[in-house]
Asker: 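Please find one structure pasted underneath; my questions will follow.
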Amino acid sequence: MIDRDGSPFSQQKRYGMLRTAIYVDAENIKMSGGFGMRYDVLVGLANSPDSVMLRANCYLAEDTERTVRDSEYRQKVHSYHNILRQCGFKVIKKTVRRFQDEDGNITTKANADMDLAIDALLQARNLDRIILLTGDGDFLRLVVALQNIGCRVEVIGFHNVSKELREGADAYISGFLVPGLLPIVGAQGDTADQWQRGTVANYNPDRGFGFFRYYRLTDNVLSSDTVFFHLSKSTLPSDHFFQEPHRIFEFRVVENPTNSNRSEAWEIRLLKEG
């Protein structure tokens with residue numbers, strides 16, 4: 001993966017491979033824009049040329065009451081869990097609990113944060129690198145504790161990621177920017193490989209052009225790249241979005257035949273927030 005300065009996210013140990021684990025706060029990821037995430041891509045990131053995956057844990061909620069009465073839901077849940085296991089993940093399920101207050105209002109709860117934190121701390125003694133998927137700022141204390149043990153902690157999140165968590169991790173990257181981790185809607189057929197997600201590296205509003213920074217995934221290692229874009233290739237109503245560095249864009253990287261086959265970003269659109 002990629003470090004903040006553009007260097008490899010994970011540095012090789014002096015005497016061998018980095019022992020890596022993945023911990024996924026699945027409910028947070030699902031509710032924050034990561035629904036449909038490809039777990040096999042995560043496994044690839046952990047099994048990079050200088051890293052080997054020792055553990056992969058996914059913490060999720062299961063509504064056992066609904067599982068019993070709804071056969072379609074039960075089939076979907078079991079199929080989802082089987083896919084995770086086939087990717088090499090241990091599935092840790094937290095049963096959804098329902099609570100009724102004195103007014104008759106029912107609330108549900110299924111929080112696996114404590115399970116994740118305890119497992120990570122107990123297993124960290126045998127690890128060098130931890131990939132944590134969550135946006136929940138409550139995990140900041142866990143991140144610091146793991147770092148104090150000697151582990152490198154890399155965080156991947158989608159929407160609504162805690163600022164403190166991003167800054168506290170050894171490295172952070174938006175899951176939207178990891179190629180293939182979350183499929184791009186409409187990126188199918190012959191042009192599927194051309195579609196990328198990126199952020200604005202710089203933009204000249206007076207001349208209407210700039211550069212996107214995006215990532216390539218080669219042999220399970222992320223490397224950053226840039227591509228030129230012009231306002232004329234944007235589908236957006238104005239260019240003020242390009243002046244907001246936190247925005248994530250989707251675009252096709254094509255070779256422009258009218259400009260010496262230079263790589264350019266076309267069909268530029270904004271990543272949907274929903």
Side-chain angles (χ1 to χ4, degrees), residues 1 3 8-32 34 37-48 50-64 77 80-97 109-158 161-162 164-173 175 178 181 220:
M1 299 178 77
D3 213 335
F9 217 27
S10 54
Q11 301 294 331
Q12 190 170 4
K13 288 179 63 181
R14 181 175 298 180
Y15 299 112
M17 306 285 280
L18 287 171
R19 300 168 299 177
T20 301
I22 307 171
Y23 298 92
V24 181
D25 179 7
E27 297 308 305
N28 177 275
I29 290 297
K30 181 175 68 175
M31 298 300 294
S32 301
M37 181 178 68
R38 293 282 303 272
Y39 282 80
D40 56 330
V41 174
L42 285 179
V43 172
L45 293 174
N47 284 318
S48 61
D50 59 2
S51 172
V52 59
M53 186 180 76
L54 294 189
R55 294 219 55 84
N57 291 357
C58 182
Y59 300 80
L60 44 77
E62 181 177 350
D63 188 340
T64 53
V77 168
Y80 173 48
H81 293 176
N82 286 335
I83 290 173
L84 294 179
R85 294 188 180 100
Q86 290 169 10
C87 289
F89 279 82
K90 178 179 180 180
V91 177
I92 297 92
K93 295 182 284 187
K94 199 74 171 181
T95 301
V96 173
R97 291 186 172 186
K109 184 178 181 181
N111 195 328
D113 291 3
M114 185 66 72
D115 302 71
L116 190 159
I118 292 174
D119 288 348
L121 287 170
L122 290 175
Q123 296 163 9
R125 70 191 69 181
N126 298 314
L127 300 170
D128 306 300
R129 174 192 178 211
I130 288 173
I131 302 174
L132 175 63
L133 279 93
T134 188
D136 191 343
D138 290 344
F139 282 111
L140 177 61
R141 188 67 189 91
L142 171 63
V143 169
V144 174
L146 293 170
Q147 291 168 332
N148 288 338
I149 293 172
C151 290
R152 176 178 176 82
V153 183
E154 304 164 1
V155 172
I156 299 175
F158 291 89
V161 179
S162 160
E164 291 76 18
L165 186 66
R166 294 197 308 266
E167 295 177 349
D170 292 296
Y172 168 77
I173 187 171
V178 179
L181 185 59
N220 295 327

Asker: Would you check if L116 and L132 make a side-chain contact, meaning some heavy-atom pair closer than 4.5 Å?
Answerer: yes
Asker: Pair L181, L45 - check side chain to side chain contact (heavy atoms under 4.5 Å, CB included), show working.
Answerer: CA-CA 10 Å; L181 185 59; L45 293 174; 5.7 Å; no
Asker: Testing L133, I29, I22, V161 one by one against I156 for a side-chain contact (heavy atoms from CB on, under 4.5 Å), which residue passes?
Answerer: L133
Asker: Between N220 and G44 (side chain of the first, backbone of the second, donor and acceptor by atom type, cut-off under 3.5 Å), is there such a pair?
Answerer: yes
Asker: Which pair of heavy atoms, one from M53 and one from N47, lies closest together, and at what distance?
Answerer: N-OD1, 2.8 Å
Asker: Please name the pair of heavy atoms, one in C58 and one in Y39, separated by the smallest distance, quoted to 0.1 Å.
Answerer: SG-OH, 3.6 Å
Asker: Side chains of L42 and V24, heavy atoms from C-beta outward: is any pair under 4.5 Å?
Answerer: yes
Asker: CG of L18 to CG of D50: how many Å apart, nearest 0.5 Å?
Answerer: 5.5 Å
Asker: Do you know the tightest heavy-atom contact between Y80 and A26?
Answerer: OH-CB, 4.4 Å
Asker: Kindly indicate, with the supporting measurements, whether the criterion side chain to side chain contact (heavy atoms under 4.5 Å, CB included) is fulfilled by V43 and F89.
Answerer: CA-CA 9 Å; V43 172; F89 279 82; 3.7 Å; yes
Asker: Quick one: pull up NZ in K94 and CE in M114 and give me the separation to the nearest 0.5 Å.
Answerer: 9.0 Å
Asker: Roughly how far, to the nearest 0.5 Å, is the CZ atom of R129 from the CE atom of M17?
Answerer: 10.0 Å
Asker: Output the distance between atom NZ (K30) and atom CG (L60), rounded to the nearest 0.5 Å.
Answerer: 8.0 Å
Asker: Which distance, rounded to the nearest 0.5 Å, do you find between the OH of Y59 and the CG of N28?
Answerer: 14.5 Å
Asker: Check for a donor-acceptor pair, side chain of Q123 on one end and backbone N or O of R55 on the other, with a separation under 3.5 Å.
Answerer: no
Asker: Would you confirm whether D40, through its side chain, and C87, through its main-chain N or O, come within 3.5 Å as a donor-acceptor pair?
Answerer: no
Asker: Side-chain atoms of residues 135-151: list all donor-acceptor pairs with protein atoms under 3.5 Å, sequence neighbours left out, distances to 0.1 Å.
Answerer:
{"residue": "D136", "atom": "OD1", "partner": "D138", "partner atom": "N", "Å": "2.9"}
{"residue": "Q147", "atom": "NE2", "partner": "G168", "partner atom": "O", "Å": "3.0"}
{"residue": "Q147", "atom": "NE2", "partner": "D170", "partner atom": "OD2", "Å": "3.2"}
{"residue": "N148", "atom": "ND2", "partner": "V144", "partner atom": "O", "Å": "3.3"}

Asker: Which pair of non-hydrogen atoms, one from A56 and one from G88, has the smallest distance, and what is that distance?
Answerer: CB-O, 3.7 Å
Asker: Tell me whether R19 contacts the main-chain N or O of L54 through its side chain, where contact means a donor paired with an acceptor under 3.5 Å.
Answerer: no
Asker: Within this structure, what is the CD-CD1 distance for the pair E154 and I131, rounded to the nearest 0.5 Å?
Answerer: 5.5 Å
Asker: Under the side-chain hydrogen bond (donor to acceptor under 3.5 Å, both in side chains) rule, collect the residues that match up with D25, sequence neighbours excluded.
Answerer: T134
Asker: Please check if the side chain of N57 supplies one atom and the backbone of K90 the other of a donor-acceptor pair under 3.5 Å.
Answerer: no
